[in-house]
2 protein chains.
Amino acid sequence: MDHDVLSIGDLARTTDTKVETIRYYERAGLLPAPARTAGNYRAYRAEHLARLSFVRRARDLGFSLDHVRELLRLADQKDQSCAEIDVIARLHLAEVDRKIADLMALGGELRQIVGQCGHGTVAECRIIEALSPN
Amino acid sequence: MDHDVLSIGDLARTTDTKVETIRYYERAGLLPAPARTAGNYRAYRAEHLARLSFVRRARDLGFSLDHVRELLRLADQKDQSCAEIDVIARLHLAEVDRKIADLMALGGELRQIVGQCGHGTVAECRIIEALSPN
DNA sequence: TATGCACCCTATAGCAGCTATAGGGTCAAG
DNA sequence: CTTGACCCTATAGCTGCTATAGGGTGCATA
Ligand SMILES: [Zn+2]
Ligand SMILES: [Zn+2]
Ligand SMILES: [Zn+2]
Ligand SMILES: [Zn+2]
């Protein structure tokens, strides 16, 4: 492909994203549909690369696709207040903190149960006992 | 329904599980298909209630359906060693610990990013900056 | 006896966020 | 002119449910 135009494979390699994922993001409205070559290949430019990098980074930080879409939209309104961005990020952080708390409670319970297993027969196993009713 | 037989709704109420979820567990091989009444209603017994309670408890502890199936199978071999049960539980605990570690790293990064937002315009927002490439 | 209503049945589709086929077309090198 | 790497669309699959749609059952009440 011509220089300053990237194929979907180029974009995939550069951003460490699977080709199918990029097409999926396009369908999902996270990436604009790029121009096409004569042979109907997607022809990306630097702006698409930047956009996809943004998406990848946001996904790595755990933002949902809905949040990413919102963040992309807001990021384009350069002269507006960033209050909404802040809200999304804080909400997401709260969500992460909540998940950590949930998992810590779970881990504690599991550790306790696992620690009681005396490695005998199933009939005596404290793990099974902990899972069984009454 | 006759006493010592439970309808799916009874089971759902008793175990705080949705009716559809119980049917799903049956399809997924977690619960044995119960006998049917003349009107083709599922007719559960105490053993089914115990089984579903076990499943619920294991799910609450975060075990995957695959793990739960395995645990159910192993739990039935009362005179065998509980070593495999132990392995599954320890693997699962390790998985939970790993998720916690991942989320803590994520949370730290997010907290750092969110803490830098100066509440100005989008153009100056450190959150957007943190998400943008180069 | 009829009607209403709560409950049950199956089958199928939908959710997130991809990933993996199947069944083709394009394009440059040898 | 063929090989092989790449691209295209469409569709199905994954986990663990949940929510319809379109019926049938069973019991109480008018
Ligand atoms: Zn979020
Ligand atoms: Zn044990
Ligand atoms: Zn596990
Ligand atoms: Zn900001």
Side-chain angles (χ1 to χ4, degrees), chain A residues 1-3 5-31 33-44 48 52 54-72 91-92 95-96 99 102 106, chain B residues 1-3 5-31 33-44 48 52 54-72 91-92 95-96 99 102 106:
Chain A
M1 252 175 187
D2 149 17
H3 63 285
V5 165
L6 300 159
S7 73
I8 198 169
D10 296 336
L11 212 58
R13 269 182 298 278
T14 309
T15 61
D16 195 28
T17 307
K18 303 223 158 126
V19 164
E20 294 81 11
T21 304
I22 298 177
R23 288 197 279 247
Y24 169 73
Y25 285 164
E26 181 181 325
R27 281 202 306 282
L30 288 163
L31 295 179
R36 297 292 180 119
T37 66
N40 200 33
Y41 285 18
R42 286 173 179 80
Y44 294 102
H48 295 99
L52 179 53
F54 185 105
V55 171
R56 289 289 297 175
R57 177 95 180 104
R59 291 291 299 129
D60 284 349
L61 286 168
F63 287 99
S64 68
L65 294 191
D66 272 358
H67 280 168
V68 177
R69 245 186 306 263
E70 268 298 280
L71 288 172
L72 282 168
L91 274 178
H92 180 49
E95 207 177 301
V96 169
K99 277 186 193 161
D102 289 353
L106 203 69
Chain B
M1 252 172 191
D2 147 18
H3 63 285
V5 166
L6 300 158
S7 73
I8 197 168
D10 295 335
L11 210 59
R13 269 181 299 279
T14 309
T15 60
D16 195 28
T17 307
K18 303 225 158 123
V19 165
E20 294 81 9
T21 304
I22 299 177
R23 288 197 279 246
Y24 170 72
Y25 284 163
E26 181 181 325
R27 280 201 308 283
L30 288 163
L31 295 179
R36 297 293 182 119
T37 66
N40 200 32
Y41 285 18
R42 286 174 180 79
Y44 294 101
H48 296 99
L52 179 53
F54 185 105
V55 171
R56 290 290 296 175
R57 177 94 180 105
R59 292 290 302 129
D60 284 349
L61 286 169
F63 287 98
S64 68
L65 295 191
D66 271 358
H67 279 168
V68 176
R69 245 185 308 261
E70 268 297 279
L71 289 172
L72 283 167
L91 273 178
H92 180 49
E95 205 178 303
V96 169
K99 276 187 192 161
D102 288 355
L106 203 70

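By convention in this document, chain letters (A, B, ...) are assigned in the order of the sequence lines, proteins followed by strands, and residues within each chain are numbered from 1. Because the structure is a prediction, the values reported are computed rather than measured.
Atom pair B:Arg23:CZ and D:dT20:P shows a separation of 14 Å (rounding to whole Å applied). Taking atom CZ on A:Arg42 and atom C1' on C:dT26, their separation rounds to 14 Å, with Å as the unit. Taking atom CG of residue A:Asn40 and atom C1' of nucleotide C:dG23, one finds them 16 Å apart after rounding to whole Å. In this entry the distance linking CD1 of A:Ile8 with C1' of D:dT9 reads 12 Å, nearest Å. Distance B:Tyr41 OH to C:dC8 C1': 4 Å, rounded to the nearest Å. Atom CG of B:Leu11 and atom P of C:dC8 are 10 Å apart (whole Å).
Heavy-atom distances to DNA chain C give each of B:Val19 and A:Gly39 a nearest nucleotide, and the one nearer the 5′ end belongs to B:Val19.
Across all non-hydrogen atoms, the minimal contact from A:Val19 to A:Gly9 is CG2-CA, 4.3 Å. Nearest heavy-atom pair across A:Asp10 and A:Arg13 is OD1-NH2, 3.1 Å.
A distance of 12.0 Å separates CG in A:Leu30 from CZ in A:Arg56, rounded to the nearest 0.5 Å. If you take CG on B:Leu11 and OH on B:Tyr25, they are separated by 12.0 Å, rounding to the nearest 0.5 Å. In this structure, CG on A:Leu52 lies 4.5 Å from OG1 on A:Thr17, to the nearest 0.5 angstrom. Interatomic distance, CD of B:Glu70 versus OG of B:Ser64, reported as 9.5 Å (0.5 Å rounding).
For the helix from C:dT1-D:dA30 to C:dG30-D:dC1, the angle separating the two terminal helix axes comes to 30°, with each axis derived from five pairs and the value rounded to 10°.
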- Message: Checking B:Lys99 against B:Asp102 for the salt bridge (Lys or Arg N to Asp or Glu O under 4.0 Å) test, could you report, in this order, the C-alpha distance in whole Å, the side-chain angles of both residues, the deciding distance, and whether it holds?
- Response: CA-CA 5 Å; B:Lys99 276 187 192 161; B:Asp102 288 355; over 6 Å; no

- Take B:Asp60 and B:Arg57 through the test salt bridge (Lys or Arg N to Asp or Glu O under 4.0 Å) and record every step on the way to the result. CA-CA 5 Å; B:Asp60 284 349; B:Arg57 177 94 180 105; 5.6 Å; no

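For residues 14-23 of chain A, no pair satisfies salt bridge (charged side-chain N to carboxylate O under 4.0 Å, His left out), with sequence neighbours left out.
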Using a cutoff of under 3.5 Å, can you pull out all pairs of nitrogen or oxygen atoms linking the protein to nucleotides 17-20 of chain C, with atom names and distances?
| unit_1 | atom_1 | unit_2 | atom_2 | d |
| --- | --- | --- | --- | --- |
| C:dG17 | OP2 | A:Leu65 | N | 3.2 |
| C:dG17 | O3' | A:Arg59 | NH2 | 3.4 |
| C:dC18 | OP2 | A:Tyr25 | OH | 3.0 |
| C:dC18 | OP2 | A:Arg59 | NE | 2.7 |
| C:dC18 | OP2 | A:Arg59 | NH2 | 3.2 |
| C:dT19 | OP2 | A:Thr21 | OG1 | 2.9 |

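In this structure, of D:dC6, C:dC8, D:dT9, it is D:dT9 that holds the atom nearest to the side chain of A:Arg36.
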